[in-house]
Amino acid sequence: MLVAVAVFPGTNCEIDTKYAFEKLGQDVVLVFHKEEKLPEGTDLVVLPGGFSYGDYLRSAAIAKFSPIMKAVIEFANKGGKVLGICNGFQMLVEARLLPGAMKRNENVHFISQFHHLKVIANNNTFLKKCAVGELLNVPIAHGEGSYYIDEAGLKELYANDQVLLTYCDENGNVKNPNGSVDSIAGVCNKNKNVFGLMPHPERAIEKILGSSDGVKMLEGFIN
């Protein structure tokens, strides 16, 4: 499988993401934001974490205008699989490939810590190797990660199994670190080929680093 990892000015998780997929035996290519095309044969596009364009104005609001994003949107609209992690999730929301919006964390502080997640739906590529209700321990690191969607939109997300992950404690009880609506940590689009989450699965692939729970999440993309 060929994984294309997009790199924007300020991106800082591209090497971690590349390492994670290479550790799973996949070919990975870094694609600079000024490129206008994705590599031939791309199977998965990843928009990694970081601070694209310094997060000035609004996180990822500028990144959506980068030349490579036209190719990413076209790829997604043709059914190609796209994963957005943290700042990448914000880009997918800004580009309207995913519904909703992002706000500052409820406590207006940057949060960097391990946090438990609950799997809400697994009838999708991303989480097909996880069980519904399974708890995962994955790092979060963001200042603008409070996911928002209105009541009608939230109802539609659940009706279509688009809510993938929610924040919880080690026992599965609700523990919301940033004020996200319904403690949502990750969603997908209706066609289930575009996925976004604020936590960092690429930082949870080795037990020596605190958790390997990210492995089965990223392995979902590997046939």
Side-chain angles (χ1 to χ4, degrees), residues 1-22 24 26-102 124-127 142 144-145 147 149 157 160 162 164-165 185-202 214 217-223:
M1 187 174 82
L2 179 61
V3 181
V5 178
V7 181
F8 302 80
T11 298
N12 61 21
C13 297
E14 72 273 27
I15 301 302
D16 291 352
T17 304
K18 184 173 186 287
Y19 175 79
F21 277 101
E22 287 180 340
L24 299 178
Q26 308 309 304
D27 296 322
V28 183
V29 177
L30 298 180
V31 181
F32 196 48
H33 72 110
K34 288 187 176 179
E35 299 291 332
E36 296 184 348
K37 295 181 179 178
L38 293 168
E40 192 70 29
T42 294
D43 298 296
L44 170 67
V45 174
V46 181
L47 304 180
F51 300 92
S52 59
Y53 295 91
D55 275 356
Y56 297 122
L57 179 65
R58 189 176 68 229
S59 297
I62 300 175
K64 69 178 178 182
F65 296 111
S66 284
I68 193 60
M69 285 303 291
K70 288 184 180 178
V72 172
I73 292 170
E74 184 178 344
F75 180 77
N77 287 338
K78 288 181 177 178
K81 294 181 177 62
V82 179
L83 171 66
I85 301 170
C86 197
N87 191 227
F89 184 15
Q90 295 162 339
M91 287 181 205
L92 293 176
V93 170
E94 290 288 342
R96 308 315 299 163
L97 286 174
L98 289 175
M102 288 294 178
N124 58 76
T125 300
F126 183 32
L127 298 178
H142 56 252
E144 195 170 300
Y147 180 75
I149 193 165
L157 285 183
N160 295 317
Q162 290 174 253
L164 304 182
L165 298 159
V187 301
C188 66
N189 64 348
K190 283 184 182 176
N191 293 329
K192 295 183 172 61
N193 66 303
V194 180
F195 307 90
L197 76 165
M198 289 310 296
H200 288 264
E202 82 282 7
M217 301 171 81
L218 301 183
E219 277 186 334
F221 291 105
I222 301 170
N223 296 321

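The nearest pair of heavy atoms linking A71 to L38 is O-CD1, 3.9 Å. Between V29 and P39, the shortest heavy-atom distance links the atoms CG1-CG, 4.1 Å. Here the closest heavy-atom approach between residue P201 and residue M217 is recorded as CB-SD, 3.9 Å. For G196 against L92, the heavy-atom pair with the smallest separation is CA-CD1, 4.4 Å.
To the nearest 0.5 Å, atom CG of residue L2 and atom OG1 of residue T42 are 4.5 Å apart. Note that CZ of F195 is 9.5 Å distant from CG of L98, once rounded to the nearest 0.5 Å. To the nearest 0.5 Å, the span separating CG on L157 from CD1 on I149 amounts to 4.0 Å. Note that the CE atom of M91 and the CE atom of M102 stand 12.0 Å from one another [nearest 0.5 Å].
At distances below 3.5 Å, at least one donor-acceptor pair connects side-chain atoms of N193 with backbone N or O atoms of G80. Remark: side-chain polar atoms of Q90 are paired, donor with acceptor, to backbone N or O of E144 under 3.5 angstrom. With hydrogens and angles disregarded, no donor-acceptor distance shorter than 3.5 Å links the side chain of N160 to the backbone of Q162.
Qualifying side-chain contact (heavy atoms from CB on, under 4.5 Å) partners for E22, counting only residues two or more places apart in sequence or in other chains: K18, V28. Applying the side-chain contact (heavy atoms from CB on, under 4.5 Å) test to L44 and every residue at least two apart in sequence or in another chain returns M1, V3, F21, V46, K81, L83, F221. Qualifying side-chain contact (heavy atoms from CB on, under 4.5 Å) partners for D16, counting only residues two or more places apart in sequence or in other chains: E202, R203.
Within the structure, salt bridge (Lys or Arg N to Asp or Glu O under 4.0 Å) contacts touching residues 5-14 (residues at least two apart or in different chains) do not occur. Sorted by first and then second residue, the salt bridge (Lys or Arg N to Asp or Glu O under 4.0 Å) pairs with a member in residues 86-96 read R58-E94, K64-E94; sequence neighbours excluded.
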Quiz: residues 48-55 side-chain donor-acceptor pairs under 3.5 angstrom, not counting sequence neighbours:
residue: S52; atom: OG; partner: N87; partner atom: OD1; Å: 2.8
residue: Y53; atom: OH; partner: H33; partner atom: ND1; Å: 2.9
residue: Y53; atom: OH; partner: S66; partner atom: OG; Å: 2.6
residue: D55; atom: OD2; partner: S59; partner atom: OG; Å: 3.4

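The shortest distance between side-chain heavy atoms of L165 and P199 does not fall below 4.5 Å. Side-chain contact check for L164 versus N124: some heavy-atom pair is nearer than 4.5 Å. Between I68 and F8 the shortest side-chain heavy-atom distance falls below 4.5 Å. Contact annotation: the side chain of I15 approaches that of L30 to within less than 4.5 Å [non-hydrogen atoms, C-beta and beyond]. Between C13 and I85 the shortest side-chain heavy-atom distance does not fall below 4.5 Å. In this structure, the side chains of E74 and K78 come closer than 4.5 Å at one or more pairs of heavy atoms. Here the side chains of I73 and L97 are in contact, with some heavy-atom distance below 4.5 Å.
Atom OH of Y56 has 12 or fewer neighbouring heavy atoms from other residues, nucleotides or ligands inside a 6.0 Å radius.
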